[in-house]
Amino acid sequence: MAIFLDSGDVNEIQRFKKMGIIRGVTTNPTILLRDGLKGGEEALKERQIEIARLINPLPLSVEVTTNDRDEMLRQAIEFAGWADNINVKITIHGPEGELDNLEVVHLLETEHDVRVNVTAMMSAQQGLLAALAGATYVSLFGGRINNMGYNAIEEIDKLRNLLDDQGLNSKIIIGSTREILNVVEWLEAGAHIVTVSPNLLEGMIVHPYSKETVRMFLADAEKTSNQ
Ligand code: E4P
């Protein structure tokens, strides 16, 4: 069981890495845009190399920025070459359901020694196929699943049972985390990894009653030193 940080913000990554509570980092183009990345592939390369060095040997997921078959392959091989701890995110299929992606995943894992994180998946059946293609990580988007009206917990449970029964080694990452509650419930449901945004991770640590208790300890400590 592990927690990854879903962030492209170097300061946030540094903050939680220093606490020793994260076991990896995931990014995607939307997260990087939100975290201020501009400047195309050069800027992407610079930011990802910085993060990879910062968290080494923990794994970093970097997503390709295209859905063209050959370009996905080229980018994935290039991105994986930036650092030993980089794995490459490929979506389960293209924006219109194009089916080149699993072939690319299979080629990368079997012929190019690139570890792949198959992403943007909304069901156990997609996860199973990504695992059969050889993906190192299979990413389900729990918050989006719940928003569609079915339960991420059931998809995680189904997928974990399928992977274990078939002897498939892919690790389930559950992302798209929306509530603090999701982290523990999704780990308990069988996810190997939950990837969490910095604000949710901070929310897991800070509790109003813990604050009150700490204030009491500090106030009483001060009183004893004044007596
Ligand atoms: C997982 O790896 C993704 O980066 C992520 O959690 C996306 O979730 P969201 O776009 O639904 O927030």
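Remember, it's 1-based here, ligands and their atoms both numbered in the order they're listed. In what follows, residues are counted from 1 in the order of the sequence shown.
For I31, every heavy-atom contact with ligand 1 shorter than 4.0 Å involves the side chain, none the backbone. Counting heavy atoms closer than 4.0 Å to ligand 1, residue R178 contributes side-chain atoms (C-beta onward) but none from N, CA, C or O.
With R144, R34, K89 as candidates, the residue nearest to atom 10 (O) of ligand 1 on a non-hydrogen basis is R144.
Among the atoms of T27, none of the N or O lies under 3.5 angstrom from an N or O of ligand 1. Residue S176 places at least one N or O, backbone or side chain, under 3.5 Å from an N or O of ligand 1.
Applying the 4.0 Å criterion to heavy atoms of G175 picks out, from ligand 1, the atoms 6 (O).
Under the 4.0 angstrom criterion for non-hydrogen atoms, T119 is not in contact with ligand 1. Using a 4.0 Å cutoff on heavy atoms, D6 counts as a contact of ligand 1.
The environment of CD in E46 is sparse: at most 12 heavy-atom neighbours from other residues, nucleotides or ligands sit within 6.0 Å. Residue D164 qualifies as enclosed at atom CG: its count of foreign heavy atoms under 6.0 Å is above 12. Heavy atoms of other residues, nucleotides or ligands lying less than 6.0 angstrom from CG of D84 number 12 at most. Atom NE2 of H106 has 12 or fewer heavy atoms from other residues, nucleotides or ligands within 6.0 Å.
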Inset, instruction - Kindly determine whether N87 and S61 satisfy side chain to side chain donor-acceptor pair (under 3.5 Å), including the steps that lead there. - result: CA-CA 5 Å; N87 59 77; S61 288; 2.6 Å; yes
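The nearest protein atom to atom 7 (C) of ligand 1, hydrogens excluded, is given as F141 CE2, 3.6 Å; this is a heavy-atom distance.
Using a 3.5 Å distance cut-off with no hydrogens or angles, the side chains of T177 and N182 do not pair a donor with an acceptor.
Remark: of the listed residues L140, I173, V105, L129, V105 is the sole one forming a side-chain contact (heavy atoms from CB on, under 4.5 Å) with V118.
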